[in-house]
Amino acid sequence: MLVSDGVMAKTERDYKRMCEYVGMARRSGRVPWEAIRDDTQTTVDAPPSFTGPAGFWAAVAEAADDYRVDRQAGQPVRLELWCETAGMVPQLSRIGAEFGIACFSGGGFDGLAGKHDAALRAVEGGRETVVLHLGDHDPSGEHLFNALAEDVITFAQAAGAEVELERVAVTAEQVTANNLPTAPPKATDRRSFSGTATTQAEALPPDILAAIVRRAIGAHRDPVIHQRILAREKAEREVIRRRLTGRSARVRAGRSAGQQGALPRVLSRCLHSGQRWRANTRTLVSGVHSWSEDHWPSAALEFIHPRRR
């Protein structure tokens with residue numbers, strides 16, 4: 001926002017000055033601590049715990065509310081969103097969540113392992129994968145995109161999968177159309193570059209960036225299939241809610257201690273932050289949950305959908 005609004009330039013000097021001012025504002029209470037996300041801190045949550053049975057059942061009900069199917073099912077291609085900087089992931093992930101699309105930052109693909117993982121996801125997807133990529137309009141951004149495309153496509157082809165990388169932003173046309181701030185290429189960077197001036201991806205205003213990404217996604221989506229998936233998801237969510245409501249009432253009425261003990265252990269693992277009943281855990285973004293009854297833990301499935309006797 002600060003870069004796109006022209007408040008500051010993306011330079012080391014301005015960045016250090018901004019960090020100093022923001023730190024002072026947070027210490028003085030002018031900026032709430034929760035207003036700024038810290039992407040540099042790595043944390044591991046404690047195992048899930050509950051205040052009692054009521055709290056547990058509330059968590060189960062919340063998990064049912066989060067029920068999602070694979071929203072990319074039936075579409076002609078499987079999509080992924082990649083961006084050059086980690087700071088763009090939260091905004092892009094919110095857009096991708098609507099369509100069941102995972103988002104990754106470029107930092108995770110600097111090594112061969114990350115590129116190979118991307119190829120494996122393409123194999124698991126079972127159809128062509130299209131990667132929508134957002135990066136800086138400069139020599140480094142173009143080099144990163146070309147290197148990613150070369151390696152990921154090669155790894156995917158070796159495994160029998162098909163991958164295509166599509167440059168979504170920033171392009172020279174977008175710089176001109178949106179009057180984005182530019183800077184001359186670094187004199188020390190001698191890599192080839194198609195432009196004459198550079199522009200950072202963060203220079204795109206959030207609303208314009210969101211519109212660009214939505215158009216790119218829409219070009220690869222069948223809206224009729226998408227609406228059918230949403231309707232199916234809603235219907236299945238309601239079925240799960242009804243079954244949970246009926247079963248929880250029976251448990252509270254006095255089901256055996258053995259059955260009550262097994263289910264919480266299974267669901268406690270499932271209800272762990274950002275990993276509830278997740279069919280595909282190969283993602284860097286939590287909060288997008290998709291599964292089907294076949295992917296549910298067997299004990300939980302037996303609980304809400306018992307075998308007919």
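This structure is a prediction, so every number in the text was calculated from the model and none was measured.
- Formation of a donor-acceptor pair under 3.5 Å by the E84 side chain with backbone atoms of L134 is not found in this model.
- Across all their heavy atoms, G74 and I225 have their closest contact at O-CD1, 3.2 Å.
- Taking the charged nitrogens against the carboxylate oxygens, E238 and R241 do have a contact shorter than 4.0 Å, which makes a salt bridge.
- P76 has its side chain out of reach of H220: every pair of non-hydrogen atoms, C-beta onward, lies at least 4.5 Å apart.
- No side-chain heavy atom of E166 sits less than 4.5 Å from a side-chain heavy atom of V131.
- Two residues are said to be in side-chain contact when any heavy atoms from C-beta on lie closer than 4.5 Å; L112 and H116 fail this criterion.
- In this structure the side chain of L180 reaches within 4.5 angstrom of the side chain of P205, judged on heavy atoms.
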Does Q75 form a side-chain contact (heavy atoms from CB on, under 4.5 Å) with I229? I'd like the steps, not just the answer. CA-CA 10 Å; Q75 293 290 350; I229 286 290; over 6 Å; no
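- Side chain of Q174 to backbone of V168: a donor-acceptor contact under 3.5 angstrom is found.
- Remark: the backbone N or O of G141 is not paired with any side-chain donor or acceptor of D136 at under 3.5 angstrom.
- A distance-only check finds a donor-acceptor pair linking the side chain of T176 to the backbone of A172 [under 3.5 Å].
- Separating the CZ atom in R68 from the CG atom in D65 is a distance of 13.5 Å, to the nearest 0.5 Å.
- Once rounded to the nearest 0.5 Å, the distance linking CG of L81 with OG of S105 reads 12.5 Å.
- Salt bridge present: R232 and E236 bring a charged side-chain N and a carboxylate O closer than 4.0 Å.
- Counting only residues at least two apart or on different chains, the side chain to side chain donor-acceptor pair (under 3.5 Å) pairs with a member in residues 206-215 are E98-R214.
- In this structure, R121 forms a cation-pi arrangement with F104, its terminal cationic atom sitting closer than 6.0 Å to the ring centre and no more than 45° off the ring axis.
- Among residues two or more places apart in sequence or in another chain, the salt bridge (Lys or Arg N to Asp or Glu O under 4.0 Å) test is passed with R237 by E233.
- Between P206 and Q91 there is a side-chain heavy-atom pair separated by less than 4.5 Å.
- Without hydrogens or angle criteria, Q72 side chain to G100 main chain gives a donor-acceptor distance under 3.5 Å.
- Summarising the geometry, atom CE belonging to M24 is positioned 13.0 Å from atom SG belonging to C19; distances are rounded to the nearest 0.5 Å.
- Separation of atoms CE (M88) and OG (S93) is listed at 11.5 Å; rounding is to 0.5 Å.
- Residues P139 and T198 are in side-chain contact: their nearest non-hydrogen atoms beyond the backbone lie under 4.5 Å apart.
- With contacts defined as side-chain heavy-atom distances shorter than 4.5 Å, the pair V130/R78 does not qualify.
- Side-chain N or O atoms of T182 include none that pairs as donor or acceptor with a backbone N or O of A197 at under 3.5 Å.
- At a threshold of 4.5 Å between non-hydrogen side-chain atoms, the residues E142 and S194 count as touching.
- Listed by first and then second residue, the ring pair (Phe, Tyr, Trp, His ring centres under 6.0 Å) pairs that reach into residues 163-194 are H137-F193, sequence neighbours excluded.
- Note that NE2 of H143 and CG of L148 are 9.0 Å apart. Values are rounded to the nearest 0.5 Å.
- Applying the ring-ring contact (aromatic ring centres under 6.0 Å, His included) test to H226 and every residue at least two apart in sequence or in another chain returns F99.
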For residues 152-165, which side-chain donor-acceptor pairs fall under 3.5 Å, sequence neighbours excluded?
| from | atom 1 | to | atom 2 | distance (Å) |
| --- | --- | --- | --- | --- |
| T154 | OG1 | E150 | O | 2.6 |

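- Although no hydrogens or angles enter the test, the distance criterion places no donor-acceptor pair under 3.5 Å between the side chain of Q227 and the main chain of V224.
- In terms of hydrophobic clustering, with Ile, Leu, Val, Met, Phe, Trp and Tyr side chains grouped at heavy-atom distances under 4.5 Å, L244 and F50 are assigned to a common cluster.
- For I240 against A64, the heavy-atom pair with the smallest separation is CG2-CB, 4.0 Å.
- Heavy atoms only, all atoms of each residue included: R127 and V77 are closest at NE-C, 3.7 Å.
- Scored by the salt bridge (Lys or Arg N to Asp or Glu O under 4.0 Å) test, D222 finds no partners at all (sequence neighbours excluded).
- Salt bridge D138/K186: absent, no basic N to carboxylate O contact under 4.0 Å.
- Rounded to the nearest 0.5 angstrom, N178 CG and I208 CD1 are separated by 4.0 Å.
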